[in-house]
Amino acid sequence: QVQLVESGGGLVQPGGSLRLACEASGFSLDDSAIGWFRQAPGKEREPVACISSSSSTHYADSVKGRFTASRDNAKNTVYLQMNSLKPEDTAVYFCAAGEAGSYYSVCFVPLSAVELWGQGTQVTVSS
(Lines give C-alpha, C1' and ligand atoms only; values in the text may rest on other atoms or scores of the structure.)
Protein backbone atom coordinates (compact mmCIF):
# COMPACT_ATOMS: atom_id res chain seq x y z
CA GLN A 1 0.00 0.00 0.00
CA VAL A 2 1.42 3.35 -1.08
CA GLN A 3 1.22 5.79 1.79
CA LEU A 4 2.90 8.52 3.78
CA VAL A 5 2.76 8.50 7.56
CA GLU A 6 3.65 11.53 9.66
CA SER A 7 4.80 11.35 13.25
CA GLY A 8 6.39 13.56 15.87
CA GLY A 9 3.69 16.11 16.56
CA GLY A 10 2.67 17.13 20.04
CA LEU A 11 2.35 19.94 22.54
CA VAL A 12 5.34 22.21 23.02
CA GLN A 13 5.93 25.53 24.76
CA PRO A 14 6.76 28.66 22.77
CA GLY A 15 10.44 28.65 21.90
CA GLY A 16 10.58 24.88 21.93
CA SER A 17 11.40 22.39 19.20
CA LEU A 18 9.84 19.40 17.51
CA ARG A 19 10.97 17.11 14.74
CA LEU A 20 8.35 15.69 12.43
CA ALA A 21 8.95 12.62 10.32
CA CYS A 22 7.25 11.55 7.11
CA GLU A 23 7.85 7.90 6.32
CA ALA A 24 6.90 6.43 2.98
CA SER A 25 5.80 2.87 2.44
CA GLY A 26 4.95 1.02 -0.74
CA PHE A 27 7.28 3.18 -2.83
CA SER A 28 10.72 4.78 -2.75
CA LEU A 29 11.09 8.45 -1.89
CA ASP A 30 14.40 8.65 -3.76
CA ASP A 31 12.95 10.37 -6.84
CA SER A 32 10.19 12.34 -5.16
CA ALA A 33 10.02 15.85 -3.87
CA ILE A 34 8.26 16.17 -0.53
CA GLY A 35 6.30 19.12 0.72
CA TRP A 36 5.41 19.92 4.30
CA PHE A 37 2.11 21.73 4.65
CA ARG A 38 0.10 22.95 7.58
CA GLN A 39 -3.51 23.80 8.17
CA ALA A 40 -4.70 25.82 11.12
CA PRO A 41 -8.39 25.88 12.12
CA GLY A 42 -10.38 28.02 9.72
CA LYS A 43 -7.44 28.53 7.40
CA GLU A 44 -6.35 27.06 4.11
CA ARG A 45 -3.64 24.46 3.90
CA GLU A 46 -0.35 26.11 3.07
CA PRO A 47 3.12 24.85 2.15
CA VAL A 48 5.80 25.65 4.73
CA ALA A 49 8.80 23.64 3.55
CA CYS A 50 9.72 21.77 0.41
CA ILE A 51 12.59 19.45 -0.35
CA SER A 52 13.56 18.14 -3.74
CA SER A 53 14.93 14.69 -4.52
CA SER A 54 18.40 16.25 -4.54
CA SER A 55 17.72 17.92 -1.15
CA SER A 56 17.28 21.45 -2.43
CA THR A 57 14.93 23.25 -0.10
CA HIS A 58 12.44 26.10 -0.10
CA TYR A 59 10.71 27.64 2.90
CA ALA A 60 7.79 29.92 3.50
CA ASP A 61 8.86 33.31 4.83
CA SER A 62 7.01 32.62 8.07
CA VAL A 63 9.27 29.68 8.96
CA LYS A 64 12.52 30.61 7.24
CA GLY A 65 15.44 30.34 9.63
CA ARG A 66 13.43 28.27 12.11
CA PHE A 67 12.38 25.15 10.16
CA THR A 68 14.69 22.76 8.32
CA ALA A 69 13.65 19.98 5.98
CA SER A 70 15.95 17.02 5.41
CA ARG A 71 15.73 13.55 3.99
CA ASP A 72 17.19 10.13 4.71
CA ASN A 73 16.57 8.03 1.64
CA ALA A 74 18.00 4.95 3.34
CA LYS A 75 15.14 5.19 5.83
CA ASN A 76 12.66 6.33 3.17
CA THR A 77 11.88 9.24 5.46
CA VAL A 78 11.78 13.02 5.28
CA TYR A 79 12.05 15.20 8.36
CA LEU A 80 10.99 18.66 9.40
CA GLN A 81 13.00 20.12 12.26
CA MET A 82 11.05 22.96 13.84
CA ASN A 83 12.85 25.29 16.23
CA SER A 84 11.83 28.49 18.01
CA LEU A 85 8.21 27.49 17.73
CA LYS A 86 5.54 30.14 18.07
CA PRO A 87 1.85 29.88 18.95
CA GLU A 88 1.04 30.78 15.35
CA ASP A 89 2.78 27.57 14.25
CA THR A 90 -0.08 25.61 15.80
CA ALA A 91 -1.70 23.52 13.06
CA VAL A 92 -2.07 20.06 11.63
CA TYR A 93 1.05 19.30 9.63
CA PHE A 94 0.91 17.16 6.51
CA CYS A 95 3.52 15.80 4.18
CA ALA A 96 2.84 15.21 0.52
CA ALA A 97 4.76 13.68 -2.36
CA GLY A 98 5.29 15.33 -5.69
CA GLU A 99 5.20 13.48 -8.96
CA ALA A 100 8.73 14.56 -9.81
CA GLY A 101 11.98 15.39 -8.10
CA SER A 102 11.57 19.14 -8.22
CA TYR A 103 9.85 20.71 -5.22
CA TYR A 104 7.82 22.74 -7.68
CA SER A 105 5.88 19.53 -8.35
CA VAL A 106 4.47 19.56 -4.84
CA CYS A 107 4.73 23.05 -3.39
CA PHE A 108 3.89 25.18 -6.40
CA VAL A 109 0.91 23.35 -7.85
CA PRO A 110 -2.73 23.46 -6.77
CA LEU A 111 -3.43 21.33 -3.72
CA SER A 112 -5.87 19.31 -5.81
CA ALA A 113 -3.01 18.30 -8.09
CA VAL A 114 -1.13 16.59 -5.25
CA GLU A 115 -2.30 13.00 -5.07
CA LEU A 116 -0.44 11.51 -2.13
CA TRP A 117 -0.85 12.99 1.34
CA GLY A 118 -0.16 11.77 4.80
CA GLN A 119 -2.84 11.73 7.45
CA GLY A 120 -1.42 14.71 9.34
CA THR A 121 0.00 15.24 12.80
CA GLN A 122 -1.11 17.90 15.27
CA VAL A 123 1.40 20.47 16.48
CA THR A 124 0.27 22.71 19.32
CA VAL A 125 2.47 25.52 20.60
CA SER A 126 1.15 26.83 23.88
CA SER A 127 2.28 27.70 27.38
Side-chain angles (χ1 to χ4, degrees):
Q1 183 180 3
V2 173
Q3 62 179 356
L4 297 172
V5 178
E6 300 97 336
S7 60
L11 173 64
V12 63
Q13 292 186 341
S17 298
L18 283 174
R19 188 176 79 155
L20 305 183
C22 172
E23 183 175 6
S25 60
F27 74 106
S28 171
L29 279 179
D30 288 9
D31 297 325
S32 298
I34 296 294
W36 284 101
F37 295 74
R38 67 185 180 190
Q39 188 166 19
K43 295 189 176 181
E44 293 186 354
R45 192 173 299 189
E46 60 176 359
V48 295
C50 320
I51 184 166
S52 73
S53 59
S54 60
S55 294
S56 296
T57 54
H58 175 84
Y59 300 97
D61 288 344
S62 58
V63 306
K64 200 170 292 183
R66 300 188 298 121
F67 289 13
T68 303
S70 62
R71 60 194 302 147
D72 185 339
N73 288 345
K75 294 183 178 180
N76 221 25
T77 301
V78 171
Y79 302 97
L80 184 65
Q81 179 67 42
M82 306 186 296
N83 298 330
S84 302
L85 283 162
K86 305 175 182 180
E88 51 264 43
D89 294 319
T90 295
V92 179
Y93 284 71
F94 301 87
C95 62
E99 295 188 354
S102 167
Y103 57 63
Y104 285 87
S105 70
V106 61
C107 286
F108 293 92
V109 297
L111 296 179
S112 59
V114 179
E115 294 188 351
L116 184 59
W117 293 87
Q119 84 287 355
T121 186
Q122 176 71 46
V123 171
T124 302
V125 184
S126 175
S127 55

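Just so you know, these numbers use all the heavy atoms, side chains as well, and skip hydrogens, waters and symmetry mates.
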Legend entry - Non-neighbouring partners of E99 that pass salt bridge (charged side-chain N to carboxylate O under 4.0 Å, His left out), sequence neighbours left out: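 Counting only residues at least two positions away or on another chain, E99 forms no salt bridge (charged side-chain N to carboxylate O under 4.0 Å, His left out).
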
Hydrophobic clusters here meaning ILVMFWY residues chained together by side-chain heavy-atom distances under 4.5 Å, can you tell me if [X] and [Y] are in one?
{"X": "Y93", "Y": "Y103", "answer": "no"}
{"X": "L85", "Y": "Y79", "answer": "no"}
{"X": "W36", "Y": "F94", "answer": "no"}
{"X": "L18", "Y": "V78", "answer": "yes"}
{"X": "I51", "Y": "V114", "answer": "no"}

Minimum-distance pair of heavy atoms, taken over all atoms of [X] and [Y]:
{"X": "V92", "Y": "Q122", "answer": "CG2-OE1, 3.2 Å"}
{"X": "D31", "Y": "S53", "answer": "C-CB, 3.9 Å"}
{"X": "S126", "Y": "P14", "answer": "C-CD, 3.6 Å"}
{"X": "S105", "Y": "A33", "answer": "OG-CB, 4.0 Å"}
{"X": "V106", "Y": "A97", "answer": "CG2-C, 4.1 Å"}

Legend entry - Passing candidate, salt bridge (charged side-chain N to carboxylate O under 4.0 Å, His left out) with R38, options E44, E46, E6: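 When E44, E46, E6 are each tested with R38, the salt bridge (charged side-chain N to carboxylate O under 4.0 Å, His left out) holds only for E46.
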
Inset, instruction - Give me the one residue out of T77, I34, L20 that meets side chain to side chain contact (heavy atoms under 4.5 Å, CB included) with C95. - result: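 Of the listed options, the one satisfying the test is I34.
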
Inset, instruction - Say whether S52 and S54, considering side chains only, have a donor N or O and an acceptor N or O under 3.5 Å apart. - result: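 There is such a pair between these side chains.
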
Contacts of [X] that satisfy side chain to side chain donor-acceptor pair (under 3.5 Å) - sequence neighbours left out:
{"X": "K64", "value": "D61"}
{"X": "T90", "value": "none"}
{"X": "S55", "value": "none"}

Is there a donor-acceptor pair closer than 3.5 Å between any side-chain N or O of [X] and the backbone N or O of [Y]?
{"X": "N76", "Y": "F27", "answer": "yes"}
{"X": "T121", "Y": "G9", "answer": "yes"}
{"X": "R71", "Y": "L29", "answer": "yes"}
{"X": "Y59", "Y": "A69", "answer": "yes"}

Legend entry - Verdict with reasoning, D89 to M82, per side-chain contact (heavy atoms from CB on, under 4.5 Å): CA-CA 9 Å; D89 294 319; M82 306 186 296; over 6 Å; no

Legend entry - Residue pairs fulfilling disulfide bond (SG atoms under 2.5 Å apart) with at least one residue in residues 26-70, sequence neighbours excluded: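 Found C50-C107.
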
Legend entry - ring-ring contact (aromatic ring centres under 6.0 Å, His included) pairs, two or more places apart, involving residues 105-127: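 Found F37-W117, H58-F108, Y104-F108.
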
Inset, instruction - Might you work through the side-chain contact (heavy atoms from CB on, under 4.5 Å) test for Q81 and S17, ending with a clear yes or no? - result: CA-CA 7 Å; Q81 179 67 42; S17 298; 3.9 Å; yes

Legend entry - Approximate separation, where rounding is to 0.5 Å, of R19 CZ and T68 OG1: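 Rounded to the nearest 0.5 Å, the CZ-OG1 separation comes out at 11.5 Å.
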
